[in-house]
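For reference, the structure is listed below as structure tokens.
Start at 1 and go down the list; that is how both ligands and their atoms are numbered. Not measured: the values here are computed from a predicted model.
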Amino acid sequence: MHTINEQGADRQDEYDVLVVGAGPVGLTAAIQLGMRGWQVGLVERWPQRYPLPRAVVLDHEIARIVASLGLGDALRTFSEPAEDYEWRNGKGQTLLRLAFEDTSYSGWPFVNIFTQPRLEAALEERARALPVVEILRGWEAVDLAEEPTSVRLTIAENAGGRPTGDDGVREHRTLRAAYVVGCDGANSFVRSRMDTSMTDLGFHFDWLVVDVIPHDQDRVWSPRNLQLCDPARPTTAVSGGPGRRRWEFMRLPGETIAELNTPETAWKLLAPWDIRPDNATLERHTVYTFQARWADSWRQGRLLLAGDAAHQMPPFAGQGMCSGIRDATNLTWKLDLVLAGHADVSLLDTYTAERSQHLRHAIDTSVYLGRVICENDPAAAAERDKRMVADQRAGSAQLARMLPGTLTGGLLACDASGVPVEPAGQLGRQGQVRFHGRTGLFDQAVGIGFTLLADQDPREVLDDDALGWCERLRIRLLRITDDHTAEGPADVVDLDGTHRAHVAATGQQALLVRPDFYVFGGAARMDAVPGLVATLRDELAAGSVLASAR
Ligand SMILES: O=C(O)/C=C/c1cccc(O)c1
């Protein structure tokens, strides 16, 4: 125990992992580690939660992750299916139209619009319910030192509304942990202590972001989510979650941020949308600079980055917060295995490798969409319109490539030349199942963690040594069946056929799925299952886990 404060008290607090930043990404990481039993210190500089909306989009994969934290019922109360996403020019012609299904292979609507403060409140309540997670609110990270077997983080009390920056009068504490994860936003303190360069695509546009609660809650918005690519004022008009609307207005040349970022300007820009002070409440307005940049390495020894600390992107693909929650989910099961001594520390190198390829896709999509809308030159906009309207009419519209849901390298079953063998890297499926008398989505009925899902009970083909190893790693060995009367200990009844269809579609008899829902690898026949399990075991143990990311 070692803390230095003004009174000279001496205290040091020990954790397995320290997470800096209690936004959605930090909270997710803390919960995922806490659910696995690790002692987590979650350090947050602000004494109170930020009460106003920011991110609005959660895709199906992220909805599945949020539900896997035990928050599925809560999520349904503050999110709604996005339904559509339309891009129009200044004349109202459609440039691009995406229709989103109300369901998806993750068991959740394909794209969801949600209210971030409600998500954060639910996450924080969940974190507080875990006795191993300690939330240190109102403490700011001020120093960080990596030592051979741990990291020392010094935090300073931040009692007032904003950090005073006057460290001399604040109480300090020293915390120690095996790893520190910086989820502390675009100006990350943790990143500032790492030796990582940043790649910046040079996409910088200022937008006024406005959140509104219309008083007429029955008003129908069609399309529900619109990007108005009018060079006179590029504008976003989308849902902000149940009962809310979000507008974004691009700053034009000659306008200053100061004159854009006022309630008067917000109301003036909202007026053409029939949103006025007498029929709506302005929840917040702020100017963001939309950027596309990322840290080139998200790990340095015992320091790791996730979320905005690792990357920032424009909001047009709705992938900013989703990417951060994907980071947390990719990282925490790996930290779990390393902390438990089940995997070589080099497993953590797959974190940047796996996430950065996926992230690059999200950033490229966001920037592609951003370049469509952030156009204030009428001539260039007219050219863009001609091209996109023609593509639209010809049915060859280059649909914004939403995320592929695939990993192309990392901890995956690979061939001899290090190339992942399909279906390795695919995002797994989730349907309705019954397991041990529980009925519901797979994660809620069965649980989360590594899963070996096969046509036949996998325990029949594994020897005692492999079975013991699977048990130590809490790998679930399951038979997926359409026999609704099946009640064996390994039987998962596939009520809507999702899982059997996926196994069959991949041409496999068994799939080994990672805790982040990506397929590690498949076995075309049951007699290949022991080899698949052995491959995972070898990869985790040998430190040779880095398949080339292409
Ligand atoms: O806030 C934005 O600019 C984008 C929102 C949005 C809405 C619906 C679907 C998406 O992929 C993004």
Side-chain angles (χ1 to χ4, degrees), residues 24 52-63 78-88 94-102 104 106 108-117 119 203-212 221-230 233-242 244-251 266 269-270 273 283-292 308 312-326 358-359 361-375 397-405:
L52 300 174
R54 278 154 294 154
V56 291
V57 179
L58 270 179
D59 65 30
H60 56 102
E61 180 183 352
I62 306 308
F78 55 79
S79 71
E80 60 190 15
E83 283 186 6
D84 59 16
Y85 195 24
E86 189 159 334
W87 295 62
R88 291 183 183 165
T94 300
L95 303 178
L96 181 67
R97 185 167 201 288
L98 303 175
F100 300 125
E101 305 271 337
D102 272 10
S104 74
S106 297
W108 286 85
F110 197 71
V111 179
N112 305 271
I113 308 279
F114 79 107
T115 308
Q116 183 166 341
L119 172 67
F203 183 99
H204 299 266
F205 291 91
D206 299 325
W207 283 67
L208 173 68
V209 178
V210 183
D211 288 306
V212 170
W221 299 90
S222 182
R224 210 184 254 201
N225 302 294
L226 172 68
Q227 297 286 359
L228 184 60
C229 306
D230 182 352
R233 176 71 77 183
T235 300
T236 301
V238 295
S239 166
R244 286 185 164 78
R245 297 288 303 171
R246 154 77 51 89
W247 272 268
E248 294 158 7
F249 302 101
M250 192 173 97
R251 183 173 71 80
L269 293 170
L270 289 166
W273 300 85
E283 252 197 320
R284 80 159 187 166
H285 60 84
T286 192
V287 171
Y288 280 123
T289 303
F290 295 159
Q291 308 192 58
D308 285 4
Q312 294 121 53
M313 70 188 79
F316 308 112
Q319 281 300 313
M321 193 198 71
C322 293
S323 298
I325 290 183
R326 246 180 225 109
H358 202 281
L359 175 88
H361 193 97
I363 290 200
D364 288 351
T365 304
S366 311
V367 169
Y368 164 79
L369 292 171
R371 299 229 180 270
V372 170
I373 191 164
C374 296
E375 181 56 78
Q398 190 197 349
L399 286 187
R401 295 158 304 142
M402 288 303 182
L403 293 183

Please list, in number order, the atoms of ligand 1 under 4.0 Å from a heavy atom of [X].
X	answer
Ala317	11 (O)
Phe316	3 (O), 12 (C)
Pro315	1 (O), 2 (C), 3 (O), 4 (C)

Review point. Say you draw a straight line from CZ of Arg245 to OG1 of Thr236; how long is it, rounded to the nearest 0.5 Å?
Key: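 Between atom CZ of Arg245 and atom OG1 of Thr236 there are 11.0 Å.
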Check your understanding: Say you draw a straight line from CE of Met313 to CG of Leu359; how long is it, rounded to the nearest 0.5 Å?
Key ->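 One gets 4.5 Å once the value is rounded to the nearest 0.5 Å.
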Practice item. Could you give me the CA-CA distance, side-chain angles and deciding distance for Arg224 and Asp84, then say whether salt bridge (charged side-chain N to carboxylate O under 4.0 Å, His left out) is met? Key: CA-CA 6 Å; Arg224 210 184 254 201; Asp84 59 16; 5.9 Å; no
Check your understanding: At under 4.0 Å between heavy atoms, which part of Gln227 makes contact with ligand 1: side chain, backbone, both or neither?
Key ->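 Just the side chain.
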Practice item. Would you kindly specify which portion of Ala82 sits under 4.0 Å from ligand 1, judged on non-hydrogen atoms: side chain, backbone, both or neither? Key: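 No part of Ala82 comes within reach of ligand 1.
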Review point. Could an N or O of ligand 1 be found under 3.5 Å from any N or O of Glu248, whether backbone or side chain?
Key: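 Yes; the residue has a nitrogen or oxygen that sits under 3.5 Å from a nitrogen or oxygen of the ligand.
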Check your understanding: Quick one: does Glu101's side chain have a donor or acceptor within less than 3.5 Å of a partner on Phe110's backbone?
Key ->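 No, Glu101 side chain to Phe110 backbone: no donor-acceptor pair under 3.5 Å.
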Check your understanding: Sequence neighbours excluded, which residues qualify as side chain to side chain donor-acceptor pair (under 3.5 Å) partners of Thr115?
Key ->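 With sequence neighbours excluded, Thr115 shows a side chain to side chain donor-acceptor pair (under 3.5 Å) to no residue whatsoever.
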